[in-house]
Each structure stands twice: as C-alpha cells, then as structure tokens.
Trainee: 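Handing you this structure, nothing more for now.
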Amino acid sequence: MIFRLIEAANMNLEEQISLIIGLRNNLDYTKVFYERVRQLYKRVELVFVSYGSTDDTHLWLDELEDSNVKYYYSEESKSLSHTYNKGVELASSKLVSYLHNDIIIGERFIEELVNTWEKNAVLLYSLVEPSIFADDELPWKTIQDFGTDLENFDYAGFDEYVINALNQDLKPRVVDGHSFFLCVERSWLLEMGGLDTLFYPMFCEDSDLMMRFYLQGTKFIHVPKAIVYHFVSKTSRYSEEFEKKSKEIDDLGLRNYYRKWRSHPKADFRKSYDLVAVLKNASPEGLFNIEPFFAKTYIEQESDKKEYIKKYQHTTKIDLNN
C-alpha cells in the first residue's frame, strides 16, 4: 500500500512537467537521452522538435511508440529559438524544462524541479560537464569528467556522483546569472513570446530571455540536486554541421544582442541605453565597428547608409533603416 502511494505521488509529479528537447541530427545521442529518461520516468511528457535533421531522426520519431511523447519535425531549417518555441507550444504540462539531447539526466531530476518550483521563479538545474568550458564559472555548473562522448561515458561514476549529492544537505538558493538549462511555468513563456527568433541560427537567445526575465524582477533559483551530465555542444557548436562556422555564428549572435540591448550578455547592469552616434566621414567599414552599440547613428552621406544596409541587412531581423 505504501509503495503504491509513493508510485502514485511520483506519477503525479511527472505529469506536472514537460521536457522540451531540440533535435538536429546526432540520433545516437537522442536515443540514449530517451532511453535514460524512460529508465527513470515512464510517464513524463517528452517533446521532441527537429527542424532540418538529415539523418534518420524523423524516421525514428515516426516509429517511436510512446503515448507520452509529442513531436514535430520539418525538413526546413530553423533557429534554435523556433525549435524550442514549437516545443513549448506542443507541451501540455504546467511546467516546461529546456534540455539538449547530449544530456544524461540524473536520478530524482524531475522530483527536485517540481518540488522546488514556486510562482514567478525560474529554476536552473545543475550541470556536470567535462573541462571544455572550464573557464566559464557558474554557480550551477561543476567540472568533472565522466566522459566526452557516449563511447567513453562512465554511467556508474555519474550515478554515484548524483547519489552522493542527493545525500548531502544541499538547499535550493537564489543566484545571479543566466542559463539555457531552465525550468519555468509554460504559460509565462508563452506570454513572453518564448525565445527571440532574432538569434539565427542560435547563440545569445538564452541571454536575451534571461534579460527579459530580469526586467520583470524574476527570482532565479538554482536547484542543486536536479543534476544532468552535459557532453557539451554535440548538436551545436561542436557538431559536424556547425563546428567550422561556430565562431561566425557566435559573432553574429553577439552583434544582434548588442543591437537589441546595447550591452554585453554578461554585463553586470541590465538596462538598455538609447545612445546616439554622430559621425563624420563615415564608411561602411567604420560603421560596422560601431553600429550595434547605438540606438541611432547619424551620418552625412545617404549613399554610405544605403551601402551599409545593402551589405548587412541580411544578417539581422532588426530594420537597419531605423
């Protein structure tokens, strides 16, 4: 009888959250992600969205017999923002959590998120990663190498790490900073419009979302016992498709973030200043170096403006004429 009550309580927790997973090829990681989740949670809703996968991802989704999976795919390539916005649209639970498919979730991941959640708060779960971005110090990230890919992943070592953490007196705490790896109320994300598709194909959309949360006075809570292992950028920065142009995409995302907020994503202040530049002897090359940092830029020659817009308008949804 007690076992049945515990099982019913866990089922109720699972029904309160949907896991949103964007896919872009790398089917091996998707399969392992799915199998791991189903080992721990039979009923939690998984929402897979794939735009432009060219391997067997879409076939795998069609053949997946799981009533607690929702999915959408298209041959068209779209941004990471489009991908996760579609996932949130499809989800049916009160809470949603963003995940990648190059993640292995730990025991009690869902219980810790659902039990910690409070109204008007954004939860940030804990990442354990190999030392790829070791200099990027964040309160919810731990550098510990349990493997750099599926072939050398230490399942037993990671599981032991999670159990040790669960047995410690680790309390959720309010933190400062930003992370893509969040859990939040679905209706709130929909009301905010989700991730901004300005950031194409990816990068800085998470910083932009965090800025919009900050401006609403949001409380950010790190949930230390909701733990995942993240192989890091297997389907984005270090994927076969994006690895050679990752720096270019990074730079474009940052330029568009400056165009929108006129500050760096990691700046201590979170405001947008309407600065104006007045230039003499402007050139398209000179304008390139300052344009994103100003709300308005006045120049003498109309021809220089037209030349600049012709060259760079395709890099942004923001109307450079304005």
Side-chain angles (χ1 to χ4, degrees), residues 13 16-20 80 84 88 94-100 102-144 146 158 161-162 164-189 191-192 194-196 199 203-233 253-254 257 261 263-272:
L13 286 174
Q16 294 184 49
I17 188 170
S18 298
L19 307 185
I20 314 296
L80 184 145
Y84 282 86
V88 173
K94 179 178 70 175
L95 304 177
V96 294
S97 182
Y98 291 159
L99 295 98
H100 291 331
D102 59 346
I103 273 176
I104 304 291
I105 69 167
E107 187 177 338
R108 287 193 57 81
F109 176 75
I110 286 173
E111 291 90 332
E112 295 296 328
L113 288 178
V114 174
N115 287 330
T116 303
W117 177 78
E118 60 183 71
K119 191 74 174 175
N120 298 327
V122 173
L123 307 182
L124 308 177
Y125 56 84
S126 297
L127 300 177
V128 181
E129 295 182 351
S131 57
I132 295 174
F133 293 131
D135 294 335
D136 190 13
E137 296 183 2
L138 296 166
W140 48 85
K141 187 169 82 170
T142 299
I143 301 300
Q144 188 157 340
F146 291 106
F158 175 62
Y161 173 93
V162 173
N164 287 338
L166 292 173
N167 288 330
Q168 294 180 40
D169 186 24
L170 302 173
K171 304 294 186 185
R173 58 191 177 122
V174 176
V175 294
D176 189 23
H178 69 269
S179 174
F180 177 84
F181 301 100
L182 56 78
C183 173
V184 72
E185 196 170 7
R186 175 177 177 267
S187 60
W188 194 6
L189 266 182
E191 181 183 324
M192 292 172 61
L195 295 165
D196 193 339
F199 302 98
F203 301 149
C204 286
E205 63 282 295
D206 55 342
S207 300
D208 172 76
L209 181 64
M210 291 298 109
M211 174 69 92
R212 288 185 279 139
F213 277 127
Y214 274 113
L215 295 177
Q216 297 176 74
T218 302
K219 181 191 294 185
F220 295 88
I221 302 175
H222 171 221
V223 187
K225 294 184 181 182
I227 303 170
V228 306
Y229 190 77
H230 183 212
F231 290 107
V232 184
S233 300
L254 188 57
Y257 189 89
W261 297 107
S263 64
H264 192 278
K266 295 183 180 179
D268 290 334
F269 63 91
R270 296 178 178 91
K271 299 177 182 178
S272 178

Trainee: Indicate yes or no: at least one non-hydrogen side-chain atom of Cys183 is less than 4.5 angstrom from one of Val96.
Mentor: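 The answer is no; the side chains never approach within 4.5 Å.
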Trainee: Side chain of Ser207, backbone of Pro265: donor and acceptor closer than 3.5 Å?
Mentor: no
Trainee: Under 4.5 Å between any side-chain heavy atoms of Met210 and Thr218, yes or no?
Mentor: no
Trainee: Closest heavy-atom contact between Ala165 and Leu170?
Mentor: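 For Ala165 versus Leu170, the nearest heavy atoms are O-CD1, 3.6 Å.
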Trainee: May I ask you to decide if Pro224's main-chain N or O and Ser126's side chain share a donor-acceptor pair within less than 3.5 Å?
Mentor: yes
Trainee: After noting the C-alpha distance and the side-chain angles of Phe203 and Tyr257, does the key distance pass the side chain to side chain contact (heavy atoms under 4.5 Å, CB included) rule?
Mentor: CA-CA 9 Å; Phe203 301 149; Tyr257 189 89; over 6 Å; no
Trainee: What residues, two or more places apart in sequence or in another chain, satisfy side chain to side chain donor-acceptor pair (under 3.5 Å) together with Gln168?
Mentor: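 So Gln168 forms no side chain to side chain donor-acceptor pair (under 3.5 Å) with any residue.
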Trainee: Any side-chain heavy atom of Asn115 sitting closer than 4.5 Å to one from Leu13?
Mentor: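 Yes, side chains in contact.
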Trainee: Which value, rounded to the nearest 0.5 Å, describes the distance between Met211 atom CE and Ser263 atom OG?
Mentor: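 Those atoms lie 4.0 Å apart.
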Trainee: Going through the checks in order, is the side chain to side chain contact (heavy atoms under 4.5 Å, CB included) test met by Ile227 and Thr142?
Mentor: CA-CA 10 Å; Ile227 303 170; Thr142 299; over 6 Å; no
Trainee: Verify, without hydrogens or angle tests, whether Lys225 (side chain) and Leu166 (backbone) share a donor-acceptor contact under 3.5 angstrom.
Mentor: yes
Trainee: Are Lys94 and Arg186 packed together at the side-chain level, in the sense that at least one heavy-atom pair is separated by less than 4.5 angstrom?
Mentor: no
Trainee: What pairs with Arg212 under side chain to side chain donor-acceptor pair (under 3.5 Å), at least two apart in sequence or on another chain?
Mentor: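 Applying side chain to side chain donor-acceptor pair (under 3.5 Å) to Arg212 gives Asp208.
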Trainee: Could you report the tightest heavy-atom contact between Ile143 and Pro130, atom names first, then the distance?
Mentor: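 Heavy atoms only, the tightest pair is CD1-O, 4.0 Å.
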Trainee: To the nearest 0.5 Å, how far apart are CG in Asp102 and CD in Glu129?
Mentor: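 Here the rounded value is 9.0 Å.
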Trainee: Minimum heavy-atom separation for Glu205 to Leu195, with atom names?
Mentor: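 The answer is O-CD2, 3.6 Å.
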Trainee: So, for Pro139 and Arg173, which heavy atoms are closest and what is the spacing to 0.1 Å?
Mentor: O-NH2, 3.3 Å
Trainee: Just wondering, do Leu254 and His264 contact through their side chains at under 4.5 Å, heavy atoms?
Mentor: yes
Trainee: With the side chain counted from C-beta on, respond yes when Val122 and Lys219 share a heavy-atom pair under 4.5 Å apart, and no when they do not.
Mentor: no
Trainee: What's the verdict on side chain to side chain contact (heavy atoms under 4.5 Å, CB included) for Ile103 and Ile105, showing C-alpha distance, side-chain angles and the deciding distance?
Mentor: CA-CA 6 Å; Ile103 273 176; Ile105 69 167; 4.0 Å; yes
Trainee: Suppose we screen for side chain to side chain contact (heavy atoms under 4.5 Å, CB included). Which residues come up paired with Ser187, at least two apart in sequence or across chains?
Mentor: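 Applying side chain to side chain contact (heavy atoms under 4.5 Å, CB included) to Ser187 gives Glu185.
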Trainee: Tell me, do Phe181 and Tyr98 make a side-chain contact under 4.5 Å, heavy atoms counted?
Mentor: no
Trainee: Do Ile104 and Phe231 come within less than 4.5 Å of each other through their side chains, counting heavy atoms only?
Mentor: yes
Trainee: Indicate yes or no for a side-chain donor-acceptor contact from Tyr229 to the backbone of Phe146 under 3.5 Å, with no hydrogens or angles considered.
Mentor: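 Side chain of Tyr229 to backbone of Phe146: a pair is present.
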Trainee: If every non-hydrogen atom of Ser97 is compared with every non-hydrogen atom of Leu182, which pair is closest and at what distance?
Mentor: OG-O, 2.9 Å
Trainee: Pick from Leu95, Leu19, Ile17: which one makes a side chain to side chain contact (heavy atoms under 4.5 Å, CB included) with Leu113?
Mentor: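 Looking at Leu95, Leu19, Ile17, the match for Leu113 under the side chain to side chain contact (heavy atoms under 4.5 Å, CB included) is Ile17.
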Trainee: When you look at Leu124 and Ile221, which way does the side chain to side chain contact (heavy atoms under 4.5 Å, CB included) test go after all the steps?
Mentor: CA-CA 6 Å; Leu124 308 177; Ile221 302 175; over 6 Å; no
Trainee: Will you find, in the side chains of Gln216 and Trp188, an N or O donor that is under 3.5 Å from an N or O acceptor?
Mentor: yes
Trainee: Between SG of Cys204 and CG of Leu209, what distance do you get to the nearest 0.5 Å?
Mentor: 12.5 Å
Trainee: How long is the gap from CH2 on Trp140 to OH on Tyr125, to the nearest 0.5 Å?
Mentor: 12.5 Å
Trainee: Taking the six-membered ring for Trp, are Tyr84 and Phe180 ring centroids under 6.0 Å apart?
Mentor: yes
